[in-house]
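Read the structure below first, then the notes.
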Protein chains: 2
Amino acid sequence: MATLAKLIGAKQPRFRTATEYVESTLKEAILTGALPGGTPLRQEDLAAEFGLSRMPIREALRQLEAQALVDFYPHRGAVVTEISAAEGADNYAIRAALEPAALRLSVPQLTPEDLKRAREIVDEMDAEDGQSRLGELNRRFHMTLYSRAGRPRLLTLVDQHLAAADRYLRFHLAAMGRNHLSQEEHRGMIDACSAHDADEACAILSQHIETAAQNLQAFFAPRQE
Amino acid sequence: MATLAKLIGAKQPRFRTATEYVESTLKEAILTGALPGGTPLRQEDLAAEFGLSRMPIREALRQLEAQALVDFYPHRGAVVTEISAAEGADNYAIRAALEPAALRLSVPQLTPEDLKRAREIVDEMDAEDGQSRLGELNRRFHMTLYSRAGRPRLLTLVDQHLAAADRYLRFHLAAMGRNHLSQEEHRGMIDACSAHDADEACAILSQHIETAAQNLQAFFAPRQE
DNA sequence: TATTTGTCGATTGGATCCAATTTGAGTATA
DNA sequence: TATACTCAAATTGGATCCAATCGACAAATA
């Protein structure tokens with residue numbers, strides 16, 4: 001099947017199966033807002049779009065369902081999950097619980113190279129103002145600090161919910177008045193990690209997430225949801 | 001019509017699709033240990049077992065993969081995830097982060113009826129010594145206390161990881177020396193919730209989970225993992 | 001007119017068929 | 001003997017086909 005080879009690319013097969021490719025592509029489209037909440041995802045259309053049959057689409061949609069990115073209605077199809085104040089609060093509550101836990105486990109194991117990379121990412125964010133790119137850098141920054149936690153499943157969950165938060169990024173950025181995420185807090189976390197001060201790093205992180213959650217609530221507050 | 005069905009007492013189909021049925025059945029089999037870690041899950045065999053084609057099996061396996069209950073190896077098949085000290089520690093780390101957060105949100109909203117039900121479940125656990133039933137009661141007890149958190153996605157995650165912890169229940173029970181989970185802690189949590197003392201309730205809960213985690217590590221310690 | 005019933009198009013759920021990949025046994029070769 | 005290679009069996013990944021279900025709209029009934 002030539003289509004698969006084309007999709008995968010010859011050198012480094014980023015995706016082992018078409019299903020993985022579809023899942024990854026759809027996920028990114030949802031997270032960046034290219035597919036907004038409420039968009040119906042018709043299997044037939046997606047299959048045509050991807051040049052595949054409906055089967056890999058179905059499996060990919062199932063995976064996205066497990067990540068709470070699409071809703072399934074039997075015999076009626078899948079729909080991109082709506083974003084709302086409630087969904088956002090849910091996401092932030094999960095992050096507020098998981099991320100400090102991951103950071104606390106990771107701090108004692110962080111290497112100077114990890115911290116150097118984190119610094120580079122933060123610097124890069126200073127110069128960046130594209131929302132989608134900012135979201136990715138932010139994600140990479142956070143995951144770098146958590147990366148030594150030694151709990152793969154925990155990190156997977158954190159990564160998923162960090163990614164899901166991208167859907168709310170524009171509210172956060174709008175509230176911050178400019179295209180900058182709280183860089184002082186990012187740098188403060190790096191400093192605390194360098195000093196092996198997990199308590200301080202977690203305190204900043206909790207505040208960091210709390211601010212984002214409040215910005216979201218403030219945005220939704222006027223229009224009752 | 002739904003009302004009529006309810007009046008008549010007609011059993012509404014618990015599963016809307018075959019995929020849901022397969023997923024639920026396999027999940028329970030894995031969690032209770034009927035399908036131990038490492039068991040290969042051949043689609044053909046399962047299809048014959050369920051009297052279905054391979055397709056609903058495949059979709060169900062995908063869902064289980066997203067819950068970290070099976071591992072997928074492209075073109076080689078799915079295998080029940082191995083339990084290990086590392087996997088268990090991962091699970092407990094996630095629970096230790098999520099459950100206090102859920103409890104804290106829930107405590108102010110808990111009703112006297114919720115607490116009454118929690119008490120009844122704990123009492124029922126006193127008389128029970130079947131492991132699988134104990135696991136289910138334990139799960140229901142915890143979820144009852146968290147149920148008013150008002151964060152559906154958070155509760156879903158908690159429920160999933162509480163369920164996954166059933167795979168480690170026998171280690172915990174063995175360490176406790178008898179078929180009783182820490183009932184004093186369970187009752188202490190109820191009392192703290194009754195007094196709307198979220199801090200105390202969370203403190204007991206954290207200790208509760210920590211104990212379980214340590215019991216697991218102690219079990220795996222002799223045999224280096 | 002309001003409510004129920006019937007029919008039909010759209011869409012997904014499930015079955016069957018074909019292709020691609022992995023693995024390991026067996027063989028040839030240095 | 002060790003290593004590389006070939007090839008076939010087992011198994012899954014993907015495509016195509018058919019059936020079941022849902023929703024909407026029209027027709028019938030009170």
Side-chain angles (χ1 to χ4, degrees), chain A residues 1-27 30 35 38-66 69-81, chain B residues 1-5 7-8 10-27 30 35 38-66 69-81:
Chain A
M1 170 185 27
T3 46
L4 183 62
K6 203 191 304 173
L7 291 177
I8 285 180
K11 11 181 175 177
Q12 280 190 351
R14 221 184 120 202
F15 303 106
R16 295 171 301 178
T17 66
T19 298
E20 286 184 12
Y21 169 69
V22 173
E23 183 200 347
S24 172
T25 305
L26 283 182
K27 181 171 179 173
I30 293 172
L35 292 174
T39 306
L41 298 172
R42 252 179 296 281
Q43 296 179 5
E44 197 82 36
D45 296 351
L46 291 173
E49 190 94 14
F50 281 99
L52 296 164
S53 81
R54 271 175 44 214
M55 182 113 352
I57 310 290
R58 275 161 68 172
E59 284 189 284
L61 289 176
R62 285 285 184 194
Q63 308 251 78
L64 295 175
E65 181 196 21
L69 291 177
V70 310
D71 292 325
F72 254 85
Y73 301 98
H75 287 281
R76 294 203 295 132
V79 176
V80 178
T81 306
Chain B
M1 48 175 280
T3 49
L4 181 61
L7 287 176
I8 291 179
K11 51 171 184 164
Q12 36 189 332
R14 217 183 126 203
F15 303 107
R16 295 171 302 180
T17 66
T19 298
E20 286 184 13
Y21 169 69
V22 173
E23 184 200 345
S24 172
T25 305
L26 283 181
K27 181 171 179 174
I30 293 172
L35 291 174
T39 306
L41 298 172
R42 250 179 296 283
Q43 296 178 6
E44 198 82 37
D45 298 351
L46 291 173
E49 189 93 16
F50 281 98
L52 296 164
S53 81
R54 270 175 44 214
M55 181 109 357
I57 310 289
R58 276 162 68 172
E59 283 188 283
L61 288 176
R62 285 285 183 194
Q63 308 252 75
L64 294 175
E65 181 197 20
L69 292 176
V70 310
D71 293 325
F72 254 86
Y73 301 98
H75 287 280
R76 292 202 299 132
V79 175
V80 178
T81 306

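Lettering of chains follows the sequences in order, A, B, ..., and the numbering in each one begins at 1. Note that these values count all heavy atoms, side chains included, but never hydrogens, waters or copies made by symmetry. From a predicted model like this one, the values you see are computed outputs, not experimental measurements.
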Roughly how many Å is it from OH in B:Tyr21 to P in C:dG13, rounded to a whole number? 19 Å
Checking all strands, does B:Ile57 fall into the base, sugar-phosphate, or nothing category for heavy-atom contacts under 4.0 angstrom? nothing
Under-4.0 Å side-chain N/O to phosphate OP1/OP2 contact, B:Thr19 with C:dG14: yes
To the nearest 0.5 angstrom, please state how far the CG atom of A:Leu64 sits from the OG1 atom of A:Thr81. 9.0 Å
A:His75 side-chain proximity, nearest of C:dG14, D:dG13, D:dT21: D:dT21
Through what angle, rounded to 10 degrees, does the axis of the helix from C:dT1-D:dA30 to C:dA30-D:dT1 turn between its ends, using five pairs per end? 10°
Length of the line joining A:Arg62:CZ and C:dG13:C1', which is rounded to integer Å: 9 Å
Contact class for B:Ala78 (heavy atom, under 4.0 Å): base, sugar-phosphate, or nothing? nothing
Once you round it to whole Å, what is the distance between C1' of D:dT16 and CE of B:Met55? 10 Å
Whole Å only: how far is the CG atom of B:Leu61 from the P atom of C:dG14? 14 Å
For B:Leu26 and B:Leu61: C-alpha separation, side-chain torsions, deciding distance, then whether side-chain contact (heavy atoms from CB on, under 4.5 Å) applies. CA-CA 9 Å; B:Leu26 283 181; B:Leu61 288 176; 4.0 Å; yes
Show the atom names and distances, to 0.1 Å, of all donor-acceptor pairs under 3.5 Å that link a side chain in residues 69-79 of chain A to residues at least two apart or in another chain.
none

Heavy-atom side-chain contact between A:Lys27 and A:Gln63 under 4.5 Å: no
Value in whole Å for how far the C1' atom of D:dT21 lies from CZ of A:Phe72: 15 Å
In whole angstrom, give the distance that lies between atom CZ of A:Arg16 and atom C1' of D:dT12. 13 Å
Whether B:Arg54 contacts C:dT16 is assessed here as follows: a side-chain N or O lying under 4.0 Å from the phosphate OP1 or OP2. Is that the case? no
Lys/Arg-Asp/Glu bridge criterion (N-O < 4.0 Å) met for B:Arg62, B:Glu59: no
Spacing of A:Arg58 atom CZ relative to D:dT16 atom C1', expressed in whole Å: 12 Å
Against the side chain of A:Ser53, the closest entry in C:dT11, D:dT16, C:dG14 is D:dT16
Can you tell me how far P of C:dG14 sits from CZ of B:Phe50, to the nearest Å? 13 Å
At less than 4.0 Å, is any side-chain N or O atom of A:Arg76 found next to OP1 or OP2 of D:dC22? Yes or no. no
Are any of the side-chain heavy atoms of B:Val22 and B:Leu46 separated by less than 4.5 Å? no
Applied to residues 41-50 of chain B, the side chain to side chain donor-acceptor pair (under 3.5 Å) test, sequence neighbours excluded, yields B:Arg42-B:Asp45, B:Gln43-B:Arg54
Please figure out whether A:Pro56 or B:Gly77 has its closest DNA chain D nucleotide nearer the 5' end. B:Gly77
